[in-house]
Amino acid sequence: MTAPIRVRYAPSPTGYPHVGNIRTAIFNWLFARHQGGSFILRLEDTDLARTVEGAAEAILESLLWLGLDWDEGPEVGGAFGPYIQSQRLPLYHETAGRLLRQGAAYLCYCSPERLDQMRAEQARRKQPPGYDRRCRELSPDERKALESSGVKPVVRFKIPLEGQTTFTDIIRGEVTFQNSTLDDFVLLKSDGYPTYHLANIVDDHEMQVSDVLRAEEWLSSTPRHLLLYAAMGYEPPRFAHLPMILGPDRSKLSKRHGATALLEFREQGYLPEAMLNFLTLLGWSLDDHTELMSREEIVSNFSLERVSQTAAIFNHQKLEWMNGVYIRHLSPDEFTRRMLPFLEKGLPPEVTRPVPFEYARRLAPLIQERTKTLAETVALTDFFFVEQLQYEASLLLDKGLSREMAIQALKTARERIETLDQFDSASLEGLLRPLATGVGMNASGFFGLLRVAVTGRKAAPPLFQTMEALGRQRCLDRMEMALAGLQR
RNA sequence: GGCGCAUUCGUCUAGUGGCCUAGGACGCCGCCCUCUCAAGGCGGAGAUCACGGGUUCGAAUCCCGUAUGCGCUACCA
């Protein structure tokens, strides 16, 4: 019987998680769900200085929004808690102490200033940077002197001076590092907090993590971690280093690249199911043609074997297309429910709140197939809600239409609409289509004129349905306004 | 600079020695549909598989080298 699959997503609350970060969470979650294993969430808040207020909440919210549920972690607990590293300090101290006693680690008294100087010197002489191990073999006298000087030491790991460390990465195959290229990294900082390296191996071991799925940027640290596992006598987990997600300039994703935090996509009106599908495809594929997949389909098909080795550039246009597809697949009711918060937030303040569901529901069929993001529904529907349309009268005179012709056409249309029996799209079409020739215009031009009069814009949903949704009185009022604009 | 990883259309990717005169998708272009805008349908342009050597009857696929890109090189994760 093999050990159960246990994976973890271990973000640090130093900012709002961006899409690259979240993609790592997605792959971990998919792997766990596909394998019937456990998905653990662990907060790595060991850097006091960089911790950002609200970031931890944003992490949980991001996962929740995408529907990535965790089996163990903050909020839900679990048998291996606590799942917040700042609450596990004694564990790290204990491990550091043991390493110290074994002679696998040592106290280092070098000041940050000295280390800076050392690095500058190394750079100047074009030597490989890294701690020069000054404190590695301190004599008892030297140690005593430094201790009494009052400086708070850090604990450093003693990297073996010779040999090599090799491991098999699930995605990249065999990778080898010469130990001589590794330096004595810090395990415990002088403020008593562990570094990532220490906390990471202690917790992954304690929490019985079977597979570490993390971004490629960690590949270079893996030999250090392996050496640590060995020093502790722990069996290391399997490793899989996932390809990174890059900005359009091919560099590591950052704020520079604009909206990259996952929750910003929610603000912009992207659907979580579309985000999940799209992000999964950044680095994983099912075959040579399947792209649209439900959460269930992805879970049942996911495997690390099909994860790509190459970093991917985030293609915003493709996301937008995919979001549009997902929006079109929504039922009209569901579409309405999802757009309502955006209308509440985005419509001009003079529009009365709350925006009625029933009316929004009537508009849904008119705009659903033309919306790519929910945020766009505001611009797509605002003329249904505002009292006063704002547009240049010249917009009415498209394609060389004369003022006189337009005025005549609008007057005629208005009179006929006033006396129309039924004000619905079929009746409107029955009336207006033949009327075009009557006013000396072709249908396209006539409808275009009416469209501008009634919506204030040249591109809008189909005219007759739009007019029906607007209602007779508002249509007449707006035609009146258009006439006034033309006659001024 | 050192170490590591990677390299197929602009982008995401399929491809695990012959099915590849390299397939799909987004985007782009054209046509059709059409009251505008979308959506949809059809078609097109777009990759000498980074480059150079091997191995093999045969290489995008295996090996070596070079180039380029990215990552790491903190008392950050």
Side-chain angles (χ1 to χ4, degrees), chain A residues 10-15 44-47 49-50 108 110-112 115-116 119 122-123 125-131 152-156 169 171-172 175-178 180-183 185-191 193-197 199-200 214-223 241 243-244 246 248 250-252 278 281-292 306 308-322 324-325 328 367-372 380 398 429 432-433 436 442-452 455 457-464:
Chain A
S12 69
T14 51
E44 308 218 326
D45 58 341
T46 56
D47 186 346
R50 291 204 316 152
C108 168
C110 294
S111 69
L115 294 175
D116 282 347
R119 270 187 288 269
Q122 285 165 338
R125 299 159 93 158
K126 293 200 186 279
Q127 285 176 336
Y131 180 56
K152 284 211 158 151
V154 300
V155 177
R156 281 185 189 272
D169 185 276
I171 292 171
R172 287 152 216 284
V175 183
T176 300
F177 290 82
Q178 296 301 321
S180 58
T181 64
L182 272 23
D183 78 340
F185 60 96
V186 173
L187 294 170
L188 211 55
K189 303 181 250 185
S190 56
D191 64 1
Y193 276 71
T195 58
Y196 170 84
H197 306 296
N200 171 62
R214 70 214 322 185
E216 192 194 339
E217 51 188 316
W218 294 108
L219 190 63
S220 311
S221 322
T222 307
H241 288 91
M244 312 232 305
L246 272 23
R250 300 203 149 275
S251 72
K252 203 167 155 177
F278 179 75
L281 252 20
L282 240 40
W284 178 82
S285 64
L286 172 58
D287 53 32
D288 62 346
H289 65 279
T290 312
E291 299 214 289
L292 267 13
R306 297 198 58 86
S308 120
Q309 307 182 74
T310 330
I313 293 173
F314 193 91
N315 183 346
H316 211 107
Q317 283 183 312
K318 186 159 182 174
L319 199 217
E320 198 162 85
W321 161 78
M322 190 174 279
V325 173
R328 275 174 251 130
I367 62 159
Q368 187 166 357
E369 71 179 18
R370 29 202 126 224
T371 113
K372 287 195 169 68
L380 252 17
D398 193 32
E429 181 157 17
L432 297 171
R433 196 173 285 281
N442 59 24
S444 174
F446 185 42
F447 296 166
L449 171 66
L450 293 174
R451 171 174 296 106
V452 174
T455 68
R457 57 189 67 180
K458 287 166 75 170
L463 182 61
F464 311 118

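As a basis for the values below, the full set of heavy atoms in this structure was taken, side chains included, without hydrogen atoms, waters or symmetry mates. By convention in this document, chain letters (A, B, ...) are assigned in the order of the sequence lines, proteins followed by strands, and residues within each chain are numbered from 1. Worth saying up front: this structure is predicted, and the values here are computed from it rather than measured.
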Nucleotide paired to B:rC5 in any strand shown, Watson-Crick or G-U, under 3.5 Å: B:rG69

When you check the side-chain N and O atoms of A:Thr222 and A:Arg214, is any donor under 3.5 Å from an acceptor? yes

Describe the nucleic acid contact of A:Phe177 in one word from base, sugar-phosphate, nothing, applying a heavy-atom distance below 4.0 Å. sugar-phosphate

Side chains of A:Arg156 and A:Tyr131 in contact at under 4.5 Å (non-hydrogen atoms): yes

Have a look at A:Gly283 and say if it touches a base, only the backbone sugar-phosphate, or nothing, with a 4.0 Å heavy-atom cut-off. sugar-phosphate

If the P atom of B:rA22 is compared with that of B:rA59, how far apart are they to the nearest Å? 16 Å

Rounded distance in Å between the P positions of B:rG24 and B:rC63: 29 Å

For the pair made of CZ in A:Phe314 and C1' in B:rU13, what is the distance, rounded to whole Å? 16 Å

So which nucleotide does B:rU56 pair with, by the Watson-Crick or G-U wobble rule with both distances under 3.5 Å? none

Per atom distances to the A:Asp288 side chain, the nearest of B:rA6, B:rA38, B:rA14 is B:rA14

Can you find a side chain N or O atom of A:Thr195 that sits less than 4.0 Å from OP1 or OP2 on B:rC75? no

Taking any heavy-atom pair under 4.0 Å as a contact, classify A:Pro153: base, sugar-phosphate, or nothing. nothing

Taking CZ from A:Arg451 and P from B:rC37, how many angstroms apart are they, rounded to a whole number? 9 Å

All heavy atoms of A:Thr46 vs all of A:Lys189, minimum pair found to be O-NZ, 2.8 Å

Say you draw a straight line from CZ of A:Arg457 to CG of A:Leu380; how long is it, rounded to the nearest 0.5 Å? 8.0 Å

Does B:rC19 have a Watson-Crick or wobble partner in any strand here, with both distances under 3.5 angstrom, and which is it? none

Rounded distance (Å) that lies between atom C1' of B:rC70 and atom CD of A:Gln309: 14 Å

Whole-Å P distance, B:rU68 and B:rC75: 31 Å

Nearest-Å distance, NE2 (A:His197) to C1' (B:rC76)? 9 Å

N/O donor-acceptor pair, side chain A:Arg50 with base B:rC76, under 3.5 angstrom: yes

Has A:Arg328 got a side-chain N or O lying under 4.0 Å from the OP1 or OP2 atom of B:rG40? yes

Quick check for you: among B:rC35, B:rG4, B:rC76, whose closest atom lies nearest to any side-chain atom of A:Phe447? B:rC35

What is the nucleic acid contact for A:Cys108, judged by heavy atoms within less than 4.0 Å: base, sugar-phosphate only, or nothing? nothing

Using purine N1 to pyrimidine N3 plus N6-O4 or O6-N4 for Watson-Crick, or N1-O2 and O6-N3 for G-U wobble, both under 3.5 Å, which nucleotide pairs with B:rC33? none

Is a side-chain donor or acceptor of A:Thr455 paired with a backbone partner of A:Arg451 at a separation under 3.5 angstrom? yes

Of A:Val154 and A:Lys318, the one whose closest nucleotide on RNA chain B sits nearer the 5' end is A:Lys318

Output the distance between atom CG (A:Asn200) and atom CH2 (A:Trp218), rounded to the nearest 0.5 Å. 7.5 Å

One should read off an interatomic distance between A:Glu291 CD and A:Leu286 CG, to the nearest 0.5 angstrom, of 10.5 Å

Hey, is the side chain of A:Arg370 pairing donor to acceptor with the base of B:rC37 inside 3.5 Å? yes

Quick one: on RNA chain B, does A:Ile313 or A:Glu429 contact a more 5' nucleotide (nearest heavy atom)? A:Ile313

Quote, to the nearest angstrom, the C1' distance that separates B:rA39 from B:rU21. 35 Å

Quick one: A:Asn442 CG to B:rC35 C1', roughly how many Å, whole number? 10 Å

Tell me which nucleotide, if any, is Watson-Crick or G-U wobble paired with B:rC26 when both distances must be under 3.5 Å. B:rG10

Taking the same atom, C1', in B:rC19 and in B:rC3, what whole-Å distance lies between them? 42 Å

Under 4.0 angstrom, heavy atoms only, what part of the nucleic acid is A:Leu282 near: base, sugar-phosphate, or nothing? sugar-phosphate

What is the distance, to the nearest angstrom, from the CD atom on A:Glu216 to the C1' atom on B:rA77? 16 Å

Does any N or O donor sit under 3.5 Å from an N or O acceptor when you compare the side chain of A:Ser220 with the base of B:rC72? no

Indicate, with a heavy-atom threshold strictly under 4.0 Å, whether A:Ala460 touches base, sugar-phosphate, or nothing. base

Looking only at side-chain N and O atoms, does A:Arg457 come under 4.0 Å of OP1 or OP2 in B:rU36? no

Can you tell me how far CZ of A:Phe446 sits from CG of A:Leu463, rounded to the nearest 0.5 angstrom? 9.0 Å

Ignoring backbone atoms, establish whether A:Ser12 has a side-chain N or O less than 4.0 Å from OP1 or OP2 of B:rC76. no

So, is A:Thr14 near the phosphate of B:rC76, with a side-chain N or O under 4.0 Å from OP1 or OP2? no

Give one of base, sugar-phosphate or nothing for A:Arg214, where a contact means two heavy atoms less than 4.0 Å apart. nothing

Side-chain contact check for A:Ala459: nearest option of B:rC37, B:rA74, B:rG2 is B:rC37

Minimum-distance nucleotide (side-chain atoms of A:Pro129 versus B:rU73, B:rG71, B:rC35): B:rU73

Rounded to whole angstroms, how far apart are CD on A:Glu291 and P on B:rU11? 16 Å

Taking B:rA6 as the reference, what is the distance to B:rA14 when you measure between their P atoms (whole Å, please)? 15 Å

B:rG18 versus B:rU61 - spacing of their P atoms, nearest Å: 12 Å

Heavy atoms only: give me the nearest A:Asp183-A:Gly130 pair and the separation to one decimal. OD2-CA, 3.3 Å

Look at the side-chain N and O atoms of A:Arg172 and state whether any lies under 4.0 Å from the OP1 or OP2 oxygen of B:rG4. no

A:Lys189 vs B:rA74: side-chain N/O to OP1/OP2 distance below 4.0 Å: no

Report yes if at least one side-chain N or O of A:Arg119 is closer than 4.0 Å to OP1 or OP2 of B:rC75; otherwise report no. yes

Mind checking if A:Met244 touches a base, just sugar-phosphate, or nothing, with heavy atoms under 4.0 Å? sugar-phosphate

If you measure from the P atom in B:rC64 to the same atom in B:rC5, how many Å do you get, rounded? 12 Å

Assign A:Pro243 to base, sugar-phosphate, or nothing according to its heavy-atom contacts below 4.0 angstrom with the strands shown. nothing

Kindly say if A:Gln317 contacts the phosphate of B:rC26, meaning a side-chain N or O under 4.0 Å from OP1 or OP2. no

Under 4.0 Å between a side-chain N or O of A:Lys458 and OP1 or OP2 of B:rC35? no

Please pick, from B:rA6, B:rG24, B:rU11, the nucleotide with the shortest atom-to-atom distance to any side-chain atom of A:Asn315. B:rU11

Is a donor-acceptor contact shorter than 3.5 angstrom present between the side chain of A:Thr181 and the base of B:rG2? no

Between A:Tyr196 and A:Phe185, does the ring centre distance come in under 6.0 Å? no

Whole-Å distance separating the CG atom of A:Leu286 from the P atom of B:rG23: 20 Å

